[in-house]
Amino acid sequence: MLSKVKTCALIGVEGFDVFVETDIAGGLPNFNIVGLPAPSVKEARERVRAAIKNSGFHFPSQRITVNLAPADLRKDGSAFDLPIAAGILAATGQIPPDSLGGKVFVGELSLNGETREIPGVMAIAAFLKERGESGKALQLILPRGNAVEAALPGGIAVRGVSNLLELAAYLKGELTLEDPEADLDYILAGERKNSQPDFKEVKGQLVAKRGLEVAAAGGHNILLTGPPGTGKTMLARRIPSILPSMTLEEKLEVTKVHSVAGLLPKDKPLLNQRPFRSPHHSATPAGIFGGGRNPRPGEVSLAHLGVLFMDEFPEYSREVLEGLRQPLEDGEMVITRAEIAVRYPSRFMLVASRNPCPCGYFGHPRHMCRCSEAQIRRYRIKSSGPLMDRIDLHVEVPSLEYNDLESGQKGESSARIRERVETARGLQRERFKGTAIDCNASMSHRHLQEYCPLGKEAKNLLRRAFDSLGLSMRAHDRIIKVARTIADLEGKKNIETPHIAEAIQYRSEDRKF
Ligand SMILES: Nc1ncnc2c1ncn2[C@@H]1O[C@H](COP(=O)(O)OP(=O)(O)OP(=O)(O)O)[C@@H](O)[C@H]1O
Ligand SMILES: [Mg+2]
């Protein structure tokens with residue numbers, strides 16, 4: 001007998017329809033899976049056979065052929081166990097074949113027939129919802145532990161099963177299963193952690209704080225340069241406390257990437273806060289950019305719509321630093337493999353920190369720098385040129401005076417800074433409504449004319465800076481975007497000369513050394 005079960009595969013965060021066709025025919029007992037299965041899918045044979053037998057079902061001693069269609073798409077992972085088992089049960093008449101209509105099955109099986117969670121179900125559910133062919137009538141059947149995560153996008157019915165027996169009972173109409181939607185309110189309710197470190201603990205460093213405020217408000221990349229122990233790491237760690245909140249759509253977009261990486265917490269799978277990723281400088285390129293045979297998202301993608309913090313920037317390998325250029329420019333990471341190109345969204349805000357030289361004291365008012373000119377050049381060249389060009393704000397974090405430390409004066413609290421950031425981001429949402437742009441930093445060159453017209457005086461100032469600082473076209477555009485954010489922070493409709501002036505000042509920092 002023949003049966004056909006619908007399932008879904010992922011390439012990156014994109015979903016694809018896959019059909020599991022099962023044929024059971026006479027002949028020597030045999031169990032074959034065809035249709036470009038990766039080794040992990042071939043292993044499904046052993047799991048499915050054991051799961052069916054150990055659940056008390058009959059496993060046919062016949063010739064079983066399972067075809068995963070379309071055959072040209074490589075199938076990877078353990079998510080095909082459940083649809084293959086359902087296909088065999090239907091082909092042998094142990095569940096009614098017509099009960100499979102309008103249902104999509106995904107999930108791993110253990111040898112005793114229990115279902116096991118798989119990564120990526122939120123991305124699968126979002127794909128099924130988007131395509132929306134049969135709306136609410138479409139049911140996604142998956143492991144119970146995945147049900148809440150799959151229900152996040154909404155728009156489709158989700159049914160979680162604990163084991164094969166439950167699946168069969170449900171398909172025979174002997175068991176009703178509940179929609180997990182009930183708990184969603186709890187999950188969707190966003191809240192900020194109160195224990196986050198706060199900007200008010202940072203003494204002095206007003207310029208750096210201002211730079212971080214501008215960066216957070218417009219999603220700009222920022223580089224902090226300064227001698228040891230002046231608070232660079234401390235400042236960067238406080239960025240999450242001033243990042244603007246996300247819309248529900250943005251939360252779902254971020255959650256999708258983390259779902260594919262299998263990183264979502266089970267009880268509260270929606271990411272409510274912008275990601276803040278801080279990979280160590282010993283991280284491999286695969287860890288940063290994503291990799292593996294079935295490429296998983298790397299840090300640049302896990303930081304999507306959030307922050308990628310790279311402390312001790314020049315310590316990262318040359319390959320990592322150069323590799324950053326592509327996602328920084330395109331907002332997505334493309335990982336190319338022999339058969340496929342996998343894309344992960346990677347629109348992040350880069351926050352980097354470094355010392356001015358290997359010993360850390362170049363330009364320090366009281367410390368002697370022990371580095372040779374060549375050493376300094378080598379240190380700086382690691383993160384120079386094209387990469388520096390993509391960093392909008394270069395900010396100095398100088399050594400503090402004793403008075404700054406002693407003064408009981410508290411810095412501004414994160415809550416107050418965040419208020420301004422939220423207002424500025426609100427203006428940006430209004431401005432870019434109906435477009436794919438989410439913040440000033442993601443404008444491209446052609447958007448500048450429409451959204452960022454400059455007055456004559458501002459233009460002149462920019463021209464002078466362009467010539468005297470030897471700026472690139474990219475730097476020119478980035479200055480205008482930063483100026484737009486500075487104007488937004490002031491609630492100004494037009495970009496004015498002081499806004500351009502401040503934005504230029506963040507670019508000229510690097511010339512000093
Ligand atoms: N501006 C500051 N206000 C309050 N405390 C500070 C400040 N700067 C430094 N500190 C204190 O010094 C410690 C070290 O600072 P931090 O690790 O941020 O330095 P850094 O600039 O990252 O240095 P390095 O270049 O060596 O990485 C902090 O944990 C904090 O206790
Ligand atoms: Mg540090």
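Counting starts at 1 for both ligands and their atoms, in listed order. Computed from heavy atoms alone, side chains included, the values below leave out hydrogens, waters and symmetry copies.
- Within the structure, the closest approach of G204 to ligand 1 does not fall below 4.0 Å when heavy atoms are considered.
- By heavy-atom distance, the residue among T225, L224, T233 lying nearest atom 22 (O) of ligand 1 is T233.
- Shown here are the protein N/O/S atoms lying under 2.8 Å from the Mg ion (ligand 2), water excluded: T233 OG1.
- No salt bridge links R507 with D392; every basic N to acidic carboxylate O contact stays at or beyond 4.0 Å.
- Taking the six-membered ring for Trp, F432 and Y451 have ring centres closer than 6.0 Å.
- Checked by distance only, ligand 1 and G226 stay at 3.5 Å or farther apart across all their nitrogen or oxygen atoms.
- R377 and E373 are joined by a salt bridge, as a carboxylate oxygen and a charged side-chain nitrogen come within less than 4.0 angstrom of each other.
- Listed by atom number, the atoms of ligand 1 under 4.0 Å from K203 heavy atoms are 1 (N), 2 (C), 3 (N), 4 (C).
- Proximity of a side-chain donor or acceptor of H499 to a complementary backbone N or O of E496 within less than 3.5 Å is detected.
- Look at E312 and R354 and you find no salt bridge, because none of the NZ, NE, NH1 or NH2 atoms lies under 4.0 Å from a carboxylate O.
- Within the structure, ligand 1 has E201 among the residues with a heavy atom less than 4.0 angstrom away.
- Within ligand 1, the atoms closer than 4.0 Å to a non-hydrogen atom of M234 are 4 (C), 5 (N), 6 (C), 7 (C), 10 (N), 18 (O), 30 (C), numbered from 1 in the order shown.
- Here the closest non-hydrogen pair linking R366 and S399 is NH2-OG, 3.9 Å.
- Below 3.5 Å of separation, one finds no N or O of Q205 facing any N or O of ligand 1.
- Under a 4.0 Å heavy-atom criterion, R354 is not in contact with ligand 1.
- Within a 6.0 Å radius of CZ in R370, other residues, nucleotides and ligands contribute 12 heavy atoms or fewer.
- Side chain of T230 to main chain of V397: a donor-acceptor pair is present (N/O by atom type, distance under 3.5 Å, no hydrogens or angles).
- Applying the 4.0 Å criterion to heavy atoms of V202 picks out, from ligand 1, the atoms 1 (N), 3 (N).
- Listed by atom number, the atoms of ligand 1 under 4.0 Å from P228 heavy atoms are 23 (O), 24 (P), 25 (O), 26 (O).
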Donor-acceptor contacts, no H, no angles, side chain residues 458-470, under 3.5 Å, sequence neighbours left out:
| unit_1 | atom_1 | unit_2 | atom_2 | d |
| --- | --- | --- | --- | --- |
| N460 | OD1 | R463 | NH1 | 3.1 |
| S468 | OG | R464 | O | 3.0 |

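- With respect to R325 and E329, no salt bridge is recorded, no charged nitrogen being found less than 4.0 Å from a carboxylate O.
- Below 3.5 Å of separation, one finds no N or O of L235 facing any N or O of ligand 1.
- Not a single donor-acceptor pair under 3.5 Å links the side chain of Y344 to the backbone N or O of H304.
- Proximity to N355 (heavy-atom distance under 4.0 Å) selects the following atoms of ligand 1: 25 (O).
- Checked by distance only, ligand 1 and G231 come closer than 3.5 Å through their nitrogen or oxygen atoms.
- No part of D311 comes within 4.0 Å of ligand 1, judged by heavy-atom distances.
- Remark: the backbone N or O of A217 is paired with a side-chain donor or acceptor of Q428 at under 3.5 angstrom.
- Ion pairing between E117 and R144 fails under the 4.0 Å rule for side-chain N and carboxylate O.
- Residue E312 approaches ligand 1 through these ligand atoms, each under 4.0 Å from one of its heavy atoms: 27 (O).
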